[in-house]
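Just so it is clear, the model here is predicted, and its values are computed rather than measured. Computation of the quantities below employed the complete heavy-atom set of this structure, encompassing side-chain atoms and omitting hydrogens, waters and symmetry-equivalent molecules. When a ligand or atom number is given, it counts from 1 through the structure's own listing order.
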Amino acid sequence: MIYWAIRMREKKRSKSIIVANWKMNPVTLAEAKKIFTSTLKLAKSLKKTLVYVAPPYLYIPNLVSKSKTVRIGAQDGRSEDFGAFTGDVSLKMVEESGAHFVILGHSERRAQGETDGHISKKISTAISLSLEPIVCIGEPTRDVNGDYLRFLEKQILGSLSGLSSAFVSHITIAYEPVWAIGSQSKGAMDPRDLHETVLYIRKVLRTKFGAETGDSIKIIYGGSVDAGNASSLIEHGMVQGFLVGRASLDGKIFGEIIRAVENPRV
Ligand code: PGA
C-alpha cells in the first residue's frame with residue numbers, strides 16, 4: 001500500500017492521462033479487441049501521457065490479459081464486496097478481474113439515482129482495494145448568476161465527504177459539464193471557461209484539504225472532446241488530460257487526441 005501510494009504520487013506529478021470511456025460499447029468482444037489493439041498501438045511510444053481504457057465489465061479480463069502499456073478499468077462498481085444486489089458488480093470483483101482504476105460518479109450513473117454519499121463510499125472502497133478512482137463532477141447547466149459554481153462546490157464536497165487528505169490525494173477529478181456530454185449536447189466548452197472553472201475546482205480542493213493535497217489532485221476534462229478541440233482544450237484549459245467518450249471508439253480521432261495531449265503546442 002505504501003509503495004502504491006508513492007508510485008501514484010510520482011505519476012500524478014509527471015504525466016497527463018487520457019481515459020477512454022467506452023460506455024455500453026461495442027456490442028461484441030471481437031470489436032472490443034479490434035479497438036483495443038489500435039489503442040495499444042497509439043499508446044506504445046508515449047512518454048508524457050498514460051492511456052486508460054474503461055470497457056464494459058465483460059471485456060475487462062480479456063483486455064487486461066493483452067495490456068501492458070494501457071491501464072484497464074471499470075465504469076462503476078458497488079462498494080459492498082458481495083450480496084443480494086441483482087445486476088450489480090462490486091469493486092472487489094473489479095479489482096479481482098485485474099483492473100487498475102474505476103470511474104465513479106459519472107453523470108449517467110448519477111442520473112440513475114447515485115448520490116454523493118454513494119460516491120464517497122465507493123471512493124473509499126476503491127482506494128482500499130488499490131483501484132485508482134476517477135471521480136466525475138459537473139453541473140447540469142450554466143447560468144449567468146454563477147449558481148453552477150455553488151453546485152460544483154456542493155458536489156465536490158459531497159462526493160469527497162468523510163475522506164482524509166491522504167485518501168483524496170489518490171483521486172483524479174474528471175470535470176464533465178453535463179451539458180457538454182454526448183452527441184445531443186452543445187459540444188465541448190470554451191477552453192478559457194474551462195480554465196476558469198478548473199481554477200475554481202482547485203480552490204475548493206485546496207480550501208477543504210490543504211494546499212499540498214489540493215494541488216496534487218489531477219483534474220481532467222470530459223465532454224465532446226474530439227480531434228478538432230483537443231489541442232486548444234489542453235493548451236488553454238489548464239487540465240492534465242481528458243475523459244473521452246464517443247471519440248475513444250474511433251482509432252483515428254482518438255490518436256489525434258492522444259497526440260494533442262502528448263505534444264501540446266505551448
Ligand atoms: P463524450 O462523453 O466524449 O461522448 O461527450 C464523455 C463522457 O461522458 O465521459
message = Regarding T28 and E31, do their side chains bring together a donor and an acceptor under 3.5 Å, going by distance alone?
response = yes
query = Parallel, tilted or perpendicular for W22 and F36, by the 30°/60° rule?
reply = perpendicular
message = Taking L249 as the starting point, is it possible to reach I181 by hopping between hydrophobic residues whose side chains are less than 4.5 Å apart?
response = no
query = Are R142 and Y148 in a cation-pi setup, meaning NZ or CZ lies under 6.0 angstrom from the ring centre and within 45 degrees of the ring axis?
reply = yes
message = Looking at D215 and E212, would you say the former's side chain and the latter's main chain have a donor-acceptor pair under 3.5 Å?
response = no
query = Do S185 side-chain atoms and G182 backbone N/O form a donor-acceptor pair below 3.5 Å?
reply = yes
task = Run through ligand 1 for me and note each protein residue having a heavy atom under 4.0 Å from it, chain first, then residue number.
result = N21, K23, H106, E176, I181, G182, G223, S224, L243, G245, R246
